[in-house]
Amino acid sequence: MKTSLSIVYLFLILLFASCEDKESSSKNKSETTSENNVSGTKASKLDSLKAKYAKKEEIALQNEEEVDGRFPIPQEQLIPFLTQYGKENPENKVRIVTSFGNIEVMLYRDTPLHRANFIMLVKKGYFNNTFFHRVAPGFVIQGGNSDNVATPRKRSEIGDYLIPSEFGAGHKHTYGAFSAAKYSEQNVSKASSPFEFFIVMDENGTPHLNNDHTVFGRVTKGMEVAEKIAQVKTGQSEWPIDNVEIDIEIID
């Protein structure tokens with residue numbers, strides 16, 4: 001009798017052990033399958049991200065390769081280029097954005113080369129992150145330059161040219177006049193720098209600049225902002241100690 005019971009107990013023990021092994025095997029298999037699914041999901045997301053960034057890189061490379069053959073603009077092609085550009089881009093109102101506030105400017109249509117050039121530079125984003133780099137209280141504030149490495153690179157890409165003077169329009173350097181800067185070595189031809197401009201801050205005007213610099217616009221709003229900028233502290237060469245950064249945008 002005892003022998004029979006022992007056999008029964010042994011049978012039951014083996015049966016339970018077999019069930020536990022099967023259950024454990026099934027559980028491990030399920031966990032492995034679940035882990036594989038999670039791993040597969042992660043891999044799928046990673047592949048998706050890789051494909052996304054690869055596409056962005058491809059687009060960026062394509063954009064770099066799509067170079068506008070009109071630039072840099074050679075001096076001998078400047079007048080026909082700006083004449084055509086002016087016809088295709090008739091805008092004449094811009095907003096200079098600074099941390100002191102905004103300055104709005106209307107560009108004159110009877111100085112077509114200067115207007116077209118300025119609108120072109122705005123649309124190409126040249127002025128963004130440049131400065132009012134010269135501040136002379138009671139005289140002028142001058143902008144369009146910076147000590148950022150991007151500025152000379154942009155100038156090189158656009159072109160090393162000068163804009164012929166447009167004195168025939170007859171605009172004077174009155175308070176708020178928007179005029180083109182030029183360098184001393186250009187005084188013989190009185191041609192304008194394409195990249196720098198200044199705003200007249202003298203309430204009596206600066207008549208000695210007439211027919212020496214081309215006035216091609218005027219401030220229509222924000223002279224109080226210009227006055228604030230005119231009071232910033234400057235160092236050597238009338239360059240502000242704290243950079244006065246500017247962005248310029250087209251006003252619709």
Side-chain angles (χ1 to χ4, degrees), residues 70-97 102-127 130 132 134 139-145 155 158-223 225-226 246-252:
R70 299 176 298 174
F71 298 94
I73 306 170
Q75 183 69 51
E76 60 272 18
Q77 293 297 321
L78 181 67
I79 293 177
F81 172 85
L82 291 180
T83 300
Q84 184 61 33
Y85 191 92
K87 292 178 181 178
E88 297 171 356
N89 299 269
E91 300 91 341
N92 75 324
K93 296 178 182 178
V94 298
R95 179 183 294 114
I96 303 172
V97 180
N102 300 338
I103 301 171
E104 295 186 4
V105 178
M106 182 184 72
L107 306 178
Y108 297 134
R109 296 192 183 280
D110 56 4
T111 52
L113 299 180
H114 284 74
R115 183 198 66 80
N117 179 77
F118 199 85
I119 293 297
M120 181 266 293
L121 294 181
V122 172
K123 289 190 174 184
K124 287 185 72 65
Y126 166 77
F127 292 111
T130 57
F132 272 112
R134 181 191 177 198
F139 181 41
V140 301
I141 58 173
Q142 183 169 328
N145 199 0
R155 291 187 178 196
I158 293 169
D160 182 20
Y161 58 87
L162 301 176
I163 307 173
S165 62
E166 294 182 292
F167 300 146
H171 300 295
K172 306 301 182 183
H173 286 82
T174 55
Y175 180 68
F178 195 75
S179 187
K182 65 182 180 62
Y183 306 109
S184 57
E185 63 269 20
Q186 298 168 9
N187 279 341
V188 174
S189 65
K190 298 184 178 180
S192 303
S193 161
F195 303 109
E196 298 181 25
F197 60 89
F198 63 88
I199 298 171
V200 175
M201 302 305 299
D202 190 331
E203 292 185 356
N204 297 315
T206 55
H208 64 285
L209 298 180
N210 294 339
N211 295 323
D212 197 40
H213 295 261
T214 296
V215 175
F216 65 104
R218 65 180 176 86
V219 174
T220 57
K221 183 178 180 181
M223 278 304 292
V225 175
I246 65 177
D247 289 344
I248 302 183
E249 58 191 14
I250 304 292
I251 300 176
D252 295 331

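Keep in mind that what you see is a predicted model, and the values were worked out from it rather than measured.
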For this session: Would you tell me whether Arg155 and Tyr126 have side-chain atoms, one donor and one acceptor, within less than 3.5 Å of each other?
Result: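 Result is yes, a qualifying pair exists.
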Exercise. Residues two or more places apart in sequence or in another chain: which of them pass side chain to side chain donor-acceptor pair (under 3.5 Å) with Glu166?
Worked result: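 Glu166: side chain to side chain donor-acceptor pair (under 3.5 Å) contacts with His114.
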Problem set entry | Partner residues of His173 under the side chain to side chain donor-acceptor pair (under 3.5 Å) criterion, sequence neighbours left out |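 Ser179, Asn210.
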Side-chain heavy atoms of [X] within contact of [Y], under 4.5 Å:
X	Y	answer
Asp212	Lys190	yes
Leu121	Phe195	yes
Ile103	Arg95	no
Lys124	Ile158	yes
Phe139	Val200	no
Leu162	Gln75	yes
Thr130	Glu196	no
Ile96	Val105	yes

Exercise. Yes or no on side chain to side chain contact (heavy atoms under 4.5 Å, CB included) for Lys172 and Val215, after CA distance, side-chain angles and deciding distance?
Worked result: CA-CA 7 Å; Lys172 306 301 182 183; Val215 175; over 6 Å; no
Atom of [X], atom of [Y] and distance for their closest heavy-atom approach:
X	Y	answer
Ile246	Gly144	CD1-N, 4.3 Å
Gln142	Ala181	NE2-CB, 3.6 Å
Phe132	Ile199	CZ-CD1, 4.3 Å
Ile163	Leu78	CA-CD2, 4.0 Å
Arg70	Tyr85	NH1-CD1, 4.4 Å
Leu82	Leu113	CD1-O, 3.6 Å

As an exercise, state the distance from [atom1] of [X] to [atom2] of [Y], rounded to the nearest 0.5 Å.
X	Y	atom1	atom2	answer
Ile251	Thr220	CD1	OG1	6.5 Å
Met201	Thr206	CE	OG1	11.5 Å
Glu88	Thr83	CD	OG1	11.0 Å
Glu203	Met223	CD	CE	8.5 Å

Exercise. Is it the case that more than 12 heavy atoms not belonging to Asp160 sit under 6.0 Å from its CG atom?
Worked result: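 For Asp160, atom CG is not crowded (no more than 12 foreign heavy atoms under 6.0 Å).
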Problem set entry | Asn92 vs Met106, side chain to side chain contact (heavy atoms under 4.5 Å, CB included): CA-CA, chis, key distance, verdict | CA-CA 6 Å; Asn92 75 324; Met106 182 184 72; 3.6 Å; yes
For this session: Would you mind telling me which of Phe198, Phe178, Tyr108, Phe197 makes a ring pair (Phe, Tyr, Trp, His ring centres under 6.0 Å) with Phe216?
Result: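 Exactly one pass, corresponding to Phe178.
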For this session: Tell me, with the steps shown, if Tyr161 and Phe81 meet side chain to side chain contact (heavy atoms under 4.5 Å, CB included).
Result: CA-CA 12 Å; Tyr161 58 87; Phe81 172 85; over 6 Å; no
Problem set entry | Phe118 six-ring centre to Lys123 NZ/CZ under 6.0 Å and within 45° of normal |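 Geometry flag: not set, cation outside 6.0 Å or 45°.
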Exercise. What residue pairs, at least two apart or across chains, pass salt bridge (Lys or Arg N to Asp or Glu O under 4.0 Å) with a residue in residues 74-87?
Worked result: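 Qualifying pairs, neighbours excluded: none.
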Exercise. Under the side chain to side chain contact (heavy atoms under 4.5 Å, CB included) criterion, do Ile119 and Leu107 qualify, and how do the steps go?
Worked result: CA-CA 9 Å; Ile119 293 297; Leu107 306 178; 3.9 Å; yes
For this session: Look at the side chain of Ser192 and the backbone N and O of Pro194, then say whether any donor-acceptor pair between them is shorter than 3.5 Å.
Result: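 No, because the side chain of Ser192 does not come within donor-acceptor range (under 3.5 Å) of the backbone of Pro194.
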Problem set entry | Test item: Arg109 side-chain N/O and Arg115 main-chain N/O as donor-acceptor pair under 3.5 Å |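 Between the backbone of Arg115 and the side chain of Arg109 there is no qualifying donor-acceptor contact (under 3.5 Å).
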